[in-house]
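To keep things clear, I will list the structure first and then write my remarks on it.
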Amino acid sequence: MKIHEYQARQILKSFGVPVPAGDVAISAPQAQKIAQEIGGNVWAVKAQVHAGGRGKAGGVRIAHSLEEVYEIASALIGSRLVTHQTGPQGAPVEKVLIQQGVAIDKEFYVSFLIDREQQCPILLASTEGGVDIEKVAAETPDKIIRMNLDSETGLTEKQAEEAADKLGFTDKDQKAKAAKVLLGLSKTFLSMDCSLVEINPLILTKAGDVFPLDCKMTFDDNALFRHTELGDLVDPSQEEPTELEAHQAGLQYIQLKGNIACLVNGAGLAMATMDTIKLFGGEPDNFLDIGGGASVENVTAAFKIMLSKPEVKVILVNIFGGIMKCDVIASGVVEACRNVDLNIPLVIRMKGTNEDIGKEILRNSGLKIIPAETLGEAAKTAVRLARGE
């Protein structure tokens with residue numbers, strides 16, 4: 001789950017992390033009013049989209065007058081921002097963050113995330129802030145500071161001071177401020193079940209203050225039941241419509257660019273199914289995992305989503321009945337096909353719990369279903385049919 005920068009700022013503030021003055025606007029007059037209330041003579045106007053690379057794409061601009069704030073906000077609000085992460089279609093800009101202008105002395109990069117190999121949270125930091133961290137890691141890896149963190153306690157005070165030292169904070173007061181910010185970010189990361197808290201840049205101002213100038217924050221979907229308040233922060237306009245519909249139906253769905261739709265139970269089986277399709281020269285249209293507790297309603301919703309895609313030429317259902325029983329899937333498939341106009345081939349491979357019952361349901365349905373005994377057979381058949389053979 002992703003949120004906007006202005007929302008991440010509010011969460012950071014609740015954990016005692018200082019942030020520059022700012023507020024979000026949905027219109028140019030409101031943006032101008034916010035800038036006037038902040039005061040000063042320099043402001044940053046920042047497009048709020050769920051994508052990185054906003055600065056290079058013209059989504060972060062500096063205004064030196066209230067009139068310029070109005071002009072920039074007018075240009076951004078209602079536009080689509082195209083960055084290297086959005087694709088050519090861009091992302092809609094419905095809000096802008098008006099942020100206090102600051103005199104920057106130094107910029108740093110800081111992030112908290114999960115290292116899957118080490119199976120623990122880590123702190124990544126660098127003196128090279130404000131630039132692509134991937135480029136820094138590739139060209140000057142010695143400038144990357146890395147610390148493994150305890151999954152229960154997070155960053156310790158000792159580690160925070162050590163990180164501040166490595167980032168080059170020599171002034172005692174500034175070092176203390178930097179360590180305090182790092183500790184606040186760590187607490188935010190663990191307490192909110194984040195999958196990423198990225199600050200680029202973390203800045204040292206000419207006045208000696210230390211705070212995040214930009215923040216990207218994402219959350220582990222599996223932990224959202226502990227943070228029901230985060231549901232209000234979802235912005236549907238930033239989500240791929242089909243993926244949003246699938247999520248609301250309790251499905252794990254990712255849109256791809258092929259023409260063979262897949263319905264599978266279990267993420268590992270879904271990956272294996274897509275790999276097998278590609279092995280035989282085909283292209284999957286989606287990753288769709290109905291999980292181990294799917295109902296007939298979930299399966300019906302999945303079919304409606306797959307059939308809504310005009311590029312789909314074949315549907316491949318690959319079910320291994322364990323927790324999820326084959327007869328439940330079969331009933332869902334039959335009901336879904338009766339509720340929608342199924343005018344493309346349907347290949348089904350079904351193994352496991354209640355397999356015989358499931359196959360009997362499919363045979364008695366009157367539907368034109370192409371059965372397969374193995375994953376290889378199912379994938380070969382789907383690829384052949386997608387080619388029109």
Side-chain angles (χ1 to χ4, degrees), residues 240 242-243 245-246 249 251-292 294 296 298-322 324-356 358-389:
E240 202 280 334
T242 306
E243 292 183 7
E245 180 185 354
L251 306 169
Q252 297 296 319
Y253 182 94
I254 299 174
Q255 183 63 50
L256 303 175
K257 297 182 179 180
N259 60 5
I260 300 175
C262 306
L263 186 151
V264 181
N265 65 321
L269 189 59
M271 297 300 292
T273 302
M274 293 191 295
D275 285 347
T276 306
I277 289 171
K278 291 182 72 68
L279 176 66
F280 293 115
E283 291 293 336
D285 177 73
N286 62 270
F287 171 103
L288 199 166
D289 172 18
I290 58 174
V296 171
N298 294 132
V299 178
T300 302
F303 257 78
K304 288 181 178 179
I305 289 170
M306 292 187 293
L307 290 170
S308 70
K309 298 296 180 180
E311 71 274 10
V312 171
K313 305 300 181 185
V314 182
I315 292 177
L316 170 56
V317 177
N318 183 24
I319 296 299
F320 181 79
M324 171 53 62
K325 296 178 176 61
C326 292
D327 57 320
V328 174
I329 297 295
S331 297
V333 168
V334 171
E335 183 172 330
C337 292
R338 287 173 177 166
N339 290 334
V340 298
D341 181 19
L342 181 64
N343 55 6
I344 58 176
L346 174 60
V347 181
I348 298 182
R349 181 252 185 177
M350 191 175 285
K351 291 291 179 182
T353 306
N354 291 353
E355 174 186 340
D356 293 339
K359 289 180 176 179
E360 184 68 19
I361 291 172
L362 295 176
R363 279 194 297 269
N364 296 334
S365 68
L367 299 172
K368 293 182 179 179
I369 294 171
I370 303 166
E373 286 300 312
T374 68
L375 173 54
E377 179 188 345
K380 283 182 181 179
T381 302
V383 172
R384 176 176 55 80
L385 292 170
R387 290 172 176 166
E389 299 176 359

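Hydrogens, waters and symmetry mates are skipped; everything else that's a heavy atom, side chains included, is used. Note that the structure is predicted; figures quoted are calculated from it, not measured.
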**L263: which of V333, I319, I348, L316 passes side chain to side chain contact (heavy atoms under 4.5 Å, CB included)** =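 The passing option is I319.
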
Side-chain heavy atoms of [X] within contact of [Y], under 4.5 Å:
| X | Y | result |
| --- | --- | --- |
| T381 | V314 | no |
| P345 | I370 | yes |
| I344 | L307 | yes |
| L346 | C337 | yes |
| L385 | V383 | no |
| V347 | I315 | no |

Shortest non-hydrogen contact between [X] and [Y], atoms and distance:
| X | Y | answer |
| --- | --- | --- |
| F303 | A336 | CB-CB, 3.4 Å |
| R349 | A378 | CB-CB, 4.0 Å |
| A301 | L251 | C-CD1, 4.3 Å |

Side-chain atoms of residues 254-262: list all donor-acceptor pairs with protein atoms under 3.5 Å, sequence neighbours left out, distances to 0.1 Å.
from	atom 1	to	atom 2	distance (Å)
Q255	OE1	Y253	OH	2.5
Q255	NE2	D285	O	3.0
Q255	NE2	D285	OD1	3.2
Q255	NE2	D285	OD2	3.4

**Request:** Could I get the full list of side-chain hydrogen bond (donor to acceptor under 3.5 Å, both in side chains) partners for N354, not counting sequence neighbours?
**Result:**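 Partners of N354 under the side-chain hydrogen bond (donor to acceptor under 3.5 Å, both in side chains) test: D327.
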
**Fill in**
Those residues at least two apart in sequence (or on a different chain) that pass side-chain hydrogen bond (donor to acceptor under 3.5 Å, both in side chains) with R338 are none

**Asked** Can you name the side chain to side chain contact (heavy atoms under 4.5 Å, CB included) partners of A330, sequence neighbours left out?
**Response** M350, I361, L362

Just list the side-chain donor-acceptor pairs under 3.5 Å for residues 273-280, sequence neighbours left out, or say none.
from	atom 1	to	atom 2	distance (Å)
T273	OG1	L269	O	2.7
T273	OG1	N318	ND2	2.9
T276	OG1	A272	O	2.7
K278	NZ	E283	OE1	3.0
K278	NZ	E283	OE2	3.1

**Asked** What residue pairs, at least two apart or across chains, pass side-chain hydrogen bond (donor to acceptor under 3.5 Å, both in side chains) with a residue in residues 299-311?
**Response**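 Those involving residues 299-311 are T242-K309.
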
**Message:** Taking M306's backbone N and O only, do any of them form a donor-acceptor pair with N286's side chain (distance below 3.5 Å, no angle check)?
**Reply:**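 Side chain of N286 to backbone of M306, a donor-acceptor pair under 3.5 Å: no, none is there.
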
**Prompt:** Mind checking what makes salt bridge (charged side-chain N to carboxylate O under 4.0 Å, His left out) contact with K359, not counting sequence neighbours?
**Reply:**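 Here the qualifying residues are E355, E373.
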
**Request:** Could you pull out all residues at least two apart from R363 that satisfy salt bridge (charged side-chain N to carboxylate O under 4.0 Å, His left out)?
**Result:**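 E360.
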
